[in-house]
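Working notes, structure below.
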Protein chains: 2
Amino acid sequence: MLDMHDTAVTFRSLCAEHGIAVTHQRQVLYETMQGMHGHPSPEEVYAVVKRRLPTISLATVYKNIHLFVESGVFRQLSMHHGTLRVEMNSHPHHHLVCSVCKQIQDCAPEELGLPAYSERLSNGFAVERLSIDVIGLCADCQRRPN
Amino acid sequence: MLDMHDTAVTFRSLCAEHGIAVTHQRQVLYETMQGMHGHPSPEEVYAVVKRRLPTISLATVYKNIHLFVESGVFRQLSMHHGTLRVEMNSHPHHHLVCSVCKQIQDCAPEELGLPAYSERLSNGFAVERLSIDVIGLCADCQRRPN
DNA sequence: TTGTGTGCAAATTATTTGCAGTTAT
DNA sequence: ATAACTGCAAATAATTTGCACACAA
């Protein structure tokens with residue numbers, strides 16, 4: 001387990017790597033998030049970090065979460081949050097989600113290989129279907145200067 | 001290929017099955033969506049359906065898309081859109097997303113079996129990682145009356 | 001000192017809701 | 001006739017942005 005001092009050291013080198021300033025709020029936000037579990041939203045992170053930094057603003061939380069995600073410090077699980085999307089392809093298929101432009105392409109199961117799965121998991125979850133997102137770079141984004 | 005008449009017949013029986021009224025806007029919306037490809041957002045559907053029903057409102061499009069999704073006529077691909085979620089579990093794992101309460105649980109790869117995949121697909125997409133959503137009913141929602 | 005970062009308030013985007021009038025059954 | 005549906009406008013939720021002041025390099 002990392003103690004607070006190690007966490008601070010880790011954080012400093014993370015910031016150095018990505019060329020971002022080490023500010024107090026950024027540091028506390030990072031430590032707070034490290035201590036959280038599950039899949040928190042910015043509002044949830046804000047509620048927790050506010051306990052240690054009562055004057056921090058929600059905007060700062062948003063800005064820094066984006067920064068952390070871009071730097072690869074944390075990962076975003078909602079790759080296509082933001083707006084509802086309806087699936088128009090009724091054949092079984094997976095999705096190729098470009099991590100840069102967020103474009104979503106369909107992909108036949110044969111291209112990836114179908115995972116085996118059981119209908120009911122040991123924790124009681126009853127499986128209806130798998131939704132597989134393949135995250136990566138689309139051909140266009142690989143060749144773009146960016 | 002279904003012609004317009006067959007589509008209308010299909011739609012009527014769909015509505016009958018789900019006990020919803022067959023209205024003109026609902027009918028045209030359905031036909032329009034059937035003709036679309038990819039992963040349209042409500043705004044995109046609205047833009048297209050407006051060409052045939054210039055007075056339709058965006059609210060009606062939203063209401064009916066929800067109705068279609070609930071009835072199983074169309075499927076929603078964005079299972080956790082709405083708000084950004086940060087992944088706090090750094091171990092490789094999948095997600096169990098309950099289709100009723102939308103709760104997201106983590107799940108070890110061993111429970112599902114890992115899909116085999118290649119690093120670069122034939123269309124040039126460079127795979128970084130897989131994000132697998134297992135959609136179904138959580139134990140709680142299975143036993144709830146609802 | 002100089003560019004970044006922060007907090008605040010206003011702006012935007014996505015979506016939902018209340019309501020009065022209209023239509024399907 | 002009656003309940004469900006529609007369009008419109010206002011409300012809400014999620015996120016972003018502009019800006020003046022403060023802090024890190």
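The sequence lines fix the lettering, A, B, ..., with proteins before strands; numbering per chain opens at 1. Any value given below was found using the heavy atoms of this structure, including those in side chains, with hydrogens, waters and symmetry copies removed.
Checking side-chain atoms of A:H94 against main-chain N and O of A:C107 turns up no donor-acceptor pair under 3.5 Å. No donor-acceptor pair under 3.5 Å is formed between the side chain of A:E70 and the backbone N or O of A:L67. Judged by distance alone, the side chain of B:Q142 and the main-chain N or O of A:G124 form a donor-acceptor pair under 3.5 Å. Not a single donor-acceptor pair under 3.5 Å links the side chain of A:R120 to the backbone N or O of A:A126. Using modelled atom types, no side-chain atom of B:H66 and backbone atom of B:N64 make a donor-acceptor pair closer than 3.5 Å.
Within 4.0 Å of A:A59, counting heavy atoms only, lies at least one base atom of the nucleic acid. Among the heavy atoms of the strands lying under 4.0 Å from B:T55 are primed sugar atoms or P, OP1, OP2 only; no base atom is included.
Per the geometry, CG belonging to A:N64 stands 14 Å off C1' belonging to D:dC23, to the nearest Å. Note: CD1 (B:I56) to C1' (D:dA9) measures 17 Å, nearest angstrom. In this structure, CZ of A:R12 is placed 10 Å from P of D:dA24, rounded to the nearest angstrom. Look at OH on B:Y46: it is 14 Å from P on C:dA14, rounded to the nearest Å. Put simply, CD1 on B:I65 is 16 Å from P on D:dC5, counting in whole angstrom units. Nucleotide D:dT16 holds its C1' atom 9 Å from the NZ atom of A:K63, rounded to whole Å. In this structure, NZ of A:K50 is placed 14 Å from C1' of C:dT6, rounded to the nearest angstrom. Spacing between atom CZ of B:R85 and atom C1' of D:dA14 amounts to 12 Å, rounded to whole angstrom units.
Side-chain nitrogen and oxygen atoms of A:Y62 include none within less than 4.0 Å of the OP1 or OP2 phosphate oxygen of D:dT16. Within the structure, every side-chain polar atom (N or O) of A:H66 is placed at least 4.0 Å from both OP1 and OP2 of D:dT15. Side-chain N/O atoms of B:R26 include one lying less than 4.0 angstrom from OP1 or OP2 on D:dT6. In this model, the phosphate group of C:dG7 is approached by a side-chain N or O of A:Q25 to a distance below 4.0 Å at OP1 or OP2. Between B:T23 and D:dT6 there is a side-chain N or O to OP1 or OP2 distance below 4.0 Å. The side chain of B:T60 contributes an N or O atom lying less than 4.0 Å from OP1 or OP2 of D:dG7.
Ranked by how close their nearest DNA chain C nucleotide is to the 5' end, A:H24 and B:L58 are led by A:H24.
Nearest to the side-chain atoms of A:S57 among the listed nucleotides C:dT15, C:dG7, D:dC8 stands C:dG7.
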